[in-house]
Amino acid sequence: MPVYFEHTRHSIRLPGYDYASSGAYFVTICAYERECLFGETVNGEMRVDEIGRIVWDCWNQIPEHFPNTITDEFIAMPNHIHGIIRITDAAYGRGTACRAPTVRGAPTVRRAPTTERFGKPVIGSIPTIVRGFKSAVTKRVNEMNPLFGPVWQRNYYERVIRSDVELDA
């Protein structure tokens with residue numbers, strides 16, 4: 001009799017961490033099945049192809065779609081990308097996205113959720129920004145070639161940059 005294992009996915013995010021909080025985040029996103037979709041390395045230098053240029057364009061457009069972000073260092077490799085996204089408090093005023101009407105003498109503030117859950121994205125959070133970036137790249141690639149197929153591997157890796165020393169490294 002065959003044995004079946006129930007597959008359960010575990011989040012690689014820090015439990016309870018507010019990924020919409022201001023700070024810097026180092027993000028790595030891999031191409032689907034780690035194929036070399038973004039270009040090739042020639043004599044130690046990365047040469048981006050058409051899809052690689054789309055990736056660069058969409059990365060640079062992140063602040064246009066998410067006004068609370070600044071894109072920092074970025075590099076496209078043949079089968080993955082690395083980039084730093086900085087989240088600022090400027091655009092969304094963290095914690096005040098939804099205000100309930102105030103009652104004289106006792107103001108009530110309803111805070112927007114800061115922990116992302118399935119089907120409930122948090123505006124301006126790293127998961128929402130990465131999802132939007134991956135979606136924009138995929139849309140443009142599929143407009144270029146409708147039969148192309150998937151561009152990105154599921155999920156991504158991120159590291160919360162906790163100090164200027166770590167950011168400089």
Side-chain angles (χ1 to χ4, degrees), residues 2-21 23-88 91-92 97 112-161 167:
V3 176
Y4 296 98
F5 296 96
E6 185 176 316
H7 181 69
T8 56
R9 289 209 156 108
H10 299 282
S11 176
I12 58 174
R13 308 279 97 69
L14 291 172
Y17 186 80
D18 179 2
Y19 282 97
S21 62
Y25 300 85
F26 180 78
V27 177
T28 300
I29 310 171
C30 295
Y32 183 70
E33 294 186 347
R34 299 190 187 215
E35 289 184 52
C36 294
L37 302 179
F38 311 134
E40 62 181 342
T41 305
V42 178
N43 296 326
E45 185 178 305
M46 174 60 183
R47 296 201 180 150
V48 295
D49 58 17
E50 193 168 5
I51 296 173
R53 282 188 289 282
I54 290 171
V55 169
W56 276 89
D57 288 345
C58 289
W59 180 266
N60 290 322
Q61 291 171 1
I62 288 174
E64 295 172 27
H65 301 284
F66 298 94
N68 68 321
T69 62
I70 300 167
T71 51
D72 203 313
E73 294 295 319
F74 175 80
I75 187 164
M77 304 302 285
N79 65 356
H80 65 281
I81 64 151
H82 297 291
I84 296 174
I85 299 172
R86 293 177 187 241
I87 294 181
T88 67
Y92 295 120
T114 58
T115 304
E116 183 139 329
R117 294 179 312 202
F118 182 76
K120 298 186 187 276
V122 173
I123 294 172
S125 67
I126 288 296
T128 302
I129 294 164
V130 170
R131 186 181 307 111
F133 166 74
K134 289 169 75 172
S135 176
V137 170
T138 301
K139 181 177 187 277
R140 286 188 51 192
V141 168
N142 286 317
E143 286 171 351
M144 177 183 71
N145 178 357
L147 302 176
F148 189 82
V151 176
W152 300 108
Q153 191 162 297
R154 187 180 190 283
N155 221 329
Y156 64 95
Y157 302 95
E158 107 291 313
R159 176 173 173 77
V160 179
I161 300 173
L167 178 61

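- Side-chain contact between E64 and I62 is absent, with no heavy-atom pair separated by less than 4.5 Å.
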- request: Mind running side-chain contact (heavy atoms from CB on, under 4.5 Å) on W152 and V141 for me, showing each step along the way?
  value: CA-CA 11 Å; W152 300 108; V141 168; over 6 Å; no
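- Two rings, from F74 and W59, have their centers less than 6.0 Å apart.
- Summarising the local packing, OH of Y32 is surrounded by 12 or fewer heavy atoms from other residues, nucleotides or ligands at distances under 6.0 Å.
- Here S125 contributes atom OG and I87 contributes atom CD1; the two are 7.0 Å apart, rounded to the nearest 0.5 Å.
- Once rounded to the nearest 0.5 Å, the distance linking CZ of F66 with OG1 of T128 reads 6.5 Å.
- Looking only at side-chain heavy atoms (C-beta outward), F26 and I85 stay at 4.5 Å or farther from each other.
- With a 4.5 Å cut-off on side-chain heavy atoms, Y156 and C30 do not count as touching.
- Under a 3.5 Å cut-off, the side chain of K134 and the backbone N or O of Q153 do form a donor-acceptor pair.
- Put simply, SG on C36 and CG on D49 are 10.0 Å apart, with the number rounded to the nearest 0.5 Å.
- Using a 4.5 Å cut-off on side-chain heavy atoms (C-beta onward), V27 and I84 make no contact.
- Enclosure of atom CD in E73 is not indicated, since only 12 or fewer non-hydrogen atoms of other residues, nucleotides or ligands lie within 6.0 angstrom.
- Atom SG of residue C58 and atom NE2 of residue H65 lie 7.5 Å apart, to the nearest 0.5 angstrom.
- Looking only at side-chain heavy atoms (C-beta outward), P63 and I70 stay at 4.5 Å or farther from each other.
- Taking CD1 of I126 as the reference point, atom CZ of R131 lies at 11.5 Å (rounded to 0.5 Å).
- Between R140 and M144, the closest side-chain pair of non-hydrogen atoms is not below 4.5 Å.
- In this structure the side chain of T28 never reaches within 4.5 angstrom of the side chain of I81, judged on heavy atoms.
- The number of heavy atoms from other shown groups lying within 6.0 Å of CD (Q61) is above 12.
- Scanning all heavy atoms of the two residues, the minimum distance from A20 to I123 falls at CB-O, 4.4 Å.
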- request: Apply side-chain contact (heavy atoms from CB on, under 4.5 Å) to the pair Y19 and V160, showing each step before the final yes or no.
  value: CA-CA 9 Å; Y19 282 97; V160 179; 4.1 Å; yes
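- With N68 contributing its side chain and G124 its backbone, the two residues share a donor-acceptor pair below 3.5 Å.
- In this structure, the side chains of Y25 and I129 stay at 4.5 Å or more apart for every pair of heavy atoms.
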Please output the side-chain donor-acceptor pairs of residues 37-48 that fall under 3.5 Å, not counting sequence neighbours, one pair per line with the distance.
none

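- Under the 3.5 Å distance criterion, the side-chain polar atoms of T138 are left unmatched by any main-chain donor or acceptor of V151.
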